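Each remark here refers to the structure printed beneath this line.
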2 protein chains.
Amino acid sequence: MAEVGRRAPPRHEAELRVRAEALAGRTLGEIARALGRDARAAPGVRTKGRAGDLVERALGASAGSAAEPDFPSLGIELKTIPVDADGRVCESTFVCTIQLARIADESWADSWARRKLSRVLWVPVEADRPLADRRIARPLLWTPSPDEESALRSDYDEIASRIGLGAIADLTAHTGLYLQVRPKAAHGRARTSALGPDGEPLAVTPRGFYLRPTFTTLILSRYL
Amino acid sequence: MAEVGRRAPPRHEAELRVRAEALAGRTLGEIARALGRDARAAPGVRTKGRAGDLVERALGASAGSAAEPDFPSLGIELKTIPVDADGRVCESTFVCTIQLARIADESWADSWARRKLSRVLWVPVEADRPLADRRIARPLLWTPSPDEESALRSDYDEIASRIGLGAIADLTAHTGLYLQVRPKAAHGRARTSALGPDGEPLAVTPRGFYLRPTFTTLILSRYL
DNA sequence: ACGGATCCATCATTGGATCCAG
DNA sequence: CTGGATCCAATGATGGATCCGT
């Protein structure tokens, strides 16, 4: 039985492709209405994340978790990506949170980051206008090319090794050509456990992996 | 600054006593109104826990946690206890959750259970009528007598030792003269970590310590 | 332009206890 | 009667990302 306001999960990739294509050209307001939901924001309330939530529901994605992609049975992750009127990427893309205390023991091959990025349905959504008026562009189902994956792994290895050495405090968003590390938290007081240079536990701001706009621009340009 | 709908914490025990005495004879509806809250339940919605929440707010108790009592600076725990029209205890009383994987290493002396029970403000509340109509009887500030504490420790030791042996699966609410073990969870699917006979991790239903009605009847009878 | 900080919705957990079948 | 199961409110953690000062 499908949850209210969410479509049933697609049974196979072809069904997901059809649903995704059907979103192209529609606004988030239209999509929300079809789901029996509301895409209007209360005054003074931000809408970060709501475009992603609406597209999830419209496509029948599960709520998502660190361990599983949005379409578990298909092995596909869903990402909305903000673009301007000319289709240019406006923002970086969050990939997943980093388990700072464990990443030293995890290679790229079995990392959450790689699993999240191994197959992604990109859904470009217009930015810079009221949520309900944002129009969806043509979605793209993507798997990293060998070159792309190699570049991501290179960034990952450098970042993971620096965290593994206990240098998280010195690691900024400057590191990484395509994949970078940035804070990921509800507010500045949030803390998670990391390990310092001598293996001692350290309470630090939670971090996540993000894809730089230069990288996602490359991906979307496959259509241009 | 006091939170909306909650009094400021009492500064000393005498202040708490005065506030508690002032509740005697009043209904939860009156108390809720004085706090700017509503003691009426929506149709079909249960009210488990709401009497406790209202009395907490009226007395200026903090939200409470496993590590701290409701009045941290006074070392006092607050418990509402349901009684019938004749003042007889209707239900068992939840004490605290059990850390199944750690209790083997904790004696009664430094247990959460003992800390929670070392000093308790009991607030009897009428049961068996709509929440807003329930009247509060005379509160009682209690510390276990040597005999009472000895009895509680005896129950605790037996329970803790059986859990320490990995026999949690065989431990029922039948064990314990005054202190017993019962499930404590939001629903039947909840699981927490325990240790089996060979020290292996085991996912089991979370449990809590409860005081049997026979024990709390003894306590309240100090007034009779 | 972009690195660091933050914001909303939803789900899980915890503290407050009571419900109810046998 | 009472042991096992459950229920609500509030808080914390997580996944969805965007905001904004320099």
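In this text the structure is predicted, and so the values were computed from the model without any measurement. Labels below follow one simple rule: chain letters A, B, ... track the order of the sequence lines, proteins then strands, and each chain is numbered from 1.
Within the 4.0 Å cut-off from OP1 or OP2 of D:dC7, not a single side-chain nitrogen or oxygen of B:Arg50 is found. Dashed line: the shortest gap from a side-chain N or O of B:Arg189 to OP1 or OP2 of C:dA12 is not under 4.0 Å.
Base engagement by A:Arg182 is indicated by at least one non-hydrogen atom pair under 4.0 Å involving a base atom. As judged by a 4.0 angstrom heavy-atom cut-off over every strand, B:Pro82 is placed among residues touching the sugar-phosphate backbone only. Across all strands, A:Thr47 comes closer than 4.0 Å to no nucleic acid atom at all (heavy-atom distances). Within 4.0 Å of B:Glu68, counting heavy atoms only, lies no atom of the nucleic acid at all. In this structure, B:Arg37 reaches the sugar-phosphate backbone alone: every heavy-atom distance under 4.0 Å involves primed, P, OP1 or OP2 atoms, never a base. A:Ala186 comes within 4.0 angstrom of a base, heavy atoms only. Residue A:Thr80 is classed as a sugar-phosphate contact, given heavy-atom separations below 4.0 Å to backbone atoms only. B:Gly49 comes within 4.0 angstrom of a base, heavy atoms only. Within the nucleic acid shown, A:Asp128 has no heavy atom closer than 4.0 Å to any nucleic acid atom.
Atom CZ of A:Arg191 is surrounded by more than 12 heavy atoms from other residues, nucleotides or ligands within 6.0 Å. Few gaps surround CG on A:Asp110; more than 12 heavy atoms of other groups in view lie less than 6.0 Å from it. The environment of CZ in B:Arg26 is crowded: more than 12 heavy-atom neighbours from other residues, nucleotides or ligands sit within 6.0 Å. For B:Arg102, the CZ atom is loosely surrounded, since the number of other residues' heavy atoms within 6.0 Å does not exceed 12.
Here the P atom of nucleotide C:dT13 and the CZ atom of B:Arg207 are 17 Å apart, to the nearest Å. Taking atom CD of residue B:Glu91 and atom P of nucleotide D:dA5, one finds them 16 Å apart after rounding to whole Å. The NE2 atom of A:His174 sits 6 Å away from the P atom of C:dG3 (whole-angstrom rounding). Remark: P of D:dA17 and NZ of A:Lys116 are 10 Å apart, rounded to the nearest angstrom. For B:Leu177 and D:dT2, the CG to C1' distance is 15 Å, given to the nearest whole Å. Whole-Å rounding puts the A:Phe209 CZ to D:dG15 C1' distance at 17 Å. Spacing between atom CZ of A:Arg212 and atom P of D:dA17 amounts to 20 Å, rounded to whole angstrom units. Atoms NE2 (B:His187) and C1' (C:dT18) sit 17 Å apart, rounded to a whole Å.
In this structure, B:Asp133 does not pair ionically with B:Arg129, as no charged nitrogen and carboxylate oxygen lie closer than 4.0 Å.
Annotation: ring pair (Phe, Tyr, Trp, His ring centres under 6.0 Å) contacts of A:Tyr156 (sequence neighbours excluded): A:Trp108, A:Phe209.
Closest-nucleotide positions on DNA chain C for B:Ala67 and A:Arg57 were compared, and the one nearer the 5' end corresponds to A:Arg57. Judged by closest nucleotide on DNA chain C, A:Ala185 is the one of B:Glu56 and A:Ala185 placed further toward the 5' end.
The A:Lys184 side chain lies nearest to D:dG16 when the options are D:dT18, D:dG16, D:dG3.
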